[in-house]
There are 2 protein chains.
Amino acid sequence: MRKKRINDPQGMRRRVLDVAEDCFQARGYHASSLGDLMAAAGVTGGALHHHFPTKKALALAVIEERVAAAVEETWIEPVRAAPSARNGVRAVFEAVAAALEQQGYVRGCPLNNLAHELSLADPDFRIALADIFAGWRRAISDKVRADQEAGLEGGTDPDRFAALTVAAYSGAMSMAKAEQDAGVLRQCLEGLERVEPPPSQNGSPARRRRRVVRQQAIR
Amino acid sequence: MRKKRINDPQGMRRRVLDVAEDCFQARGYHASSLGDLMAAAGVTGGALHHHFPTKKALALAVIEERVAAAVEETWIEPVRAAPSARNGVRAVFEAVAAALEQQGYVRGCPLNNLAHELSLADPDFRIALADIFAGWRRAISDKVRADQEAGLEGGTDPDRFAALTVAAYSGAMSMAKAEQDAGVLRQCLEGLERVEPPPSQNGSPARRRRRVVRQQAIR
DNA sequence: GACAAAACAGGACAACCGGTCTGTTTATAA
DNA sequence: TTATAAACAGACCGGTTGTCCTGTTTTGTC
């Protein structure tokens, strides 16, 4: 009588990754048991094992697919789309701070959460996480370089600016998580914006600003 | 025949804390079993349980005694003893970077390592960790205020500077841990030093520098 | 429809975890 | 000495963990 089942491998895999991402983020890798995940996802052990042979494989998939995507979505894309690197950084900080204040609690940065717990646990984890950090920094430094070519940014070292930005954000999120208060994020942003302030804004050596803006609008 | 034993409660407690601190730092809280700790410390279950009734109690002791002491030793004291806040910050960054490069690997910041794993795990953990963050920031902002009263520092907001410094360090250590390379620490320090650079150094708006230096030398 | 492979179900299991418990030894104080 | 508590030893237990294994069902292909 009851004999209906639909094989939905992609959907099953997605559901598992969904709850794994959420659970790893909220409780951490070691504190999340596969039993918890199975229950939360409504998935049997056989199905889980079929898609992810080991817990490590599952975590690696979460890192490479979900965490990387989260960084891409909340940081890399907004920065790329912003009129300038500094502008993009400010926008991301404020957007994240606003979102945290609205949801009322702070779970921390997905990348940093897993990075701290897993970087030393396994070389594969470490490399995957380091790659995401590298891509994150790269997106910012590339944007700074583009700004410089467009005359929007002064002689700021792009890699240095990117490293400090990512570090300030990561560290601010760490504190915000411990204090359960996103205020420190805004505080760090304000400090960050005072690093080698660019010639624009109210310009002593402000030149070619108009033309640059047009260029950007054209692209 | 063999009937010698010396009760050394303080020594026993210290040994347990030693290995717990080390193990929590290297593998994390959840990844460290009490069996591992007992074996590493050469302590029986009875003794461990006598001094630390639960694993949580042990972790709390590690946080409140060891982690707090580590922050005090590597950050708060050096900053207090430094000629200025900026000088102290630079000294700590460089000392840590040098130490990491010498030991060849990066285990990360003790406070941040535990903060990421335990902040959401238990309110007691979170509060203890947040307190350490607060003390850390406080030491820096107090130093900045002292610098300002001494005329050594400009109008930099002390709390903002402290937050950014702690965030930059924490985030840089996070990246250094993932990349197993302390270089990003130096990079972030260089960026940090370009935040609202004080009137001293080589002064366009450098005033009262001479007098200020003397004041500081007197104290 | 035959057949192989993928997708899924669900139980089994050994290892391990944290905590408890009882008992013994050592220090302390009267 | 004797009582009393602290310090320690070590076995024990219920529950959980991650993984594996054997089946069963679905899907795709010829």
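Below, chains carry the letters A, B, ... as their sequence lines are ordered, and counting in each starts from 1.
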Testing the 3.5 Å rule here: is there a donor-acceptor pair between the side chains of B:Lys177 and B:Asn112?
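Note: B:Lys177 and B:Asn112 side chains miss the donor-acceptor criterion.
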
For DNA chain D, find the residues of residues 17-30 of chain A with a heavy-atom distance under 4.0 Å and give them by number; none if there aren't any.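 Residues of residues 17-30 of chain A under 4.0 Å from DNA chain D: none.
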
Please examine the side chains of A:His50 and A:Met12, heavy atoms only from C-beta on, and report whether any two atoms are closer than 4.5 Å.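 The answer is no; the side chains never approach within 4.5 Å.
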
Euclidean distance, atom [atom1] of residue [X] to atom [atom2] of [N] [Å, nearest integer]:
X: B:Asp36; N: C:dA15; atom1: CG; atom2: P; answer: 16 Å
X: B:Leu48; N: D:dA7; atom1: CG; atom2: C1'; answer: 13 Å
X: B:His51; N: D:dC8; atom1: NE2; atom2: C1'; answer: 8 Å
X: A:Asn7; N: C:dA7; atom1: CG; atom2: P; answer: 8 Å
X: A:Ile6; N: C:dA9; atom1: CD1; atom2: P; answer: 11 Å
X: A:Asp8; N: C:dA9; atom1: CG; atom2: P; answer: 11 Å
X: A:Gln10; N: C:dC8; atom1: CD; atom2: P; answer: 10 Å
X: B:Met38; N: D:dA11; atom1: CE; atom2: P; answer: 10 Å

Between [options], which one does the side chain of [X] approach most closely?
X: B:Pro9; options: D:dC20, C:dA9, D:dA7; value: D:dA7
X: A:Lys55; options: D:dC8, C:dG19, D:dG18; value: D:dG18
X: A:His50; options: D:dC8, D:dT17, C:dA6; value: C:dA6

Is it true that A:Arg27 and A:Asp22 have a side-chain N and a carboxylate O under 4.0 angstrom from each other?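 Salt bridge between A:Arg27 and A:Asp22, a charged N being under 4.0 Å from a carboxylate O: no.
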
Any salt bridge between A:Arg15 and A:Asp18, counting N to O under 4.0 Å?
->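 Salt bridge flag = no for A:Asp18 with A:Arg15.
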
For a side chain to side chain contact (heavy atoms under 4.5 Å, CB included) check, start with the C-alpha distance between B:Phe125 and B:Leu120, then their side-chain angles and the critical distance, and finish with the verdict. CA-CA 8 Å; B:Phe125 286 150; B:Leu120 301 184; over 6 Å; no

Upstream residue (5' side of DNA chain C) when A:Gly45 and B:Ser33 are each assigned their closest nucleotide: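 Its nearest nucleotide being more 5', the pick is A:Gly45.
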
### Query
So, is B:His49 close to the C:dT20 phosphate, meaning a side-chain N or O under 4.0 Å from OP1 or OP2?
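Indeed, a polar side-chain atom of B:His49 lies that close.
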
Establish, with yes or no, whether the OP1 or OP2 oxygen of D:dC8 is under 4.0 angstrom from a side-chain nitrogen or oxygen of B:Thr44.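 It does not, given that no N or O in the side chain of B:Thr44 lies less than 4.0 Å from OP1 or OP2 of D:dC8.
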
Q.
side chain to side chain contact (heavy atoms under 4.5 Å, CB included), that's the test. Do A:Arg66 and A:Leu114 meet it? Break it down for me.
A. CA-CA 12 Å; A:Arg66 301 309 183 93; A:Leu114 289 183; over 6 Å; no

A:Tyr29 six-ring face occupied by A:Lys55 cation (under 6.0 Å, within 45°):
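The answer is yes; both the distance and angle limits are met.
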
*Donor/acceptor link under 3.5 angstrom from B:Arg5 side chain onto base of C:dT25*: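 In this structure, the two groups form a donor-acceptor pair.
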
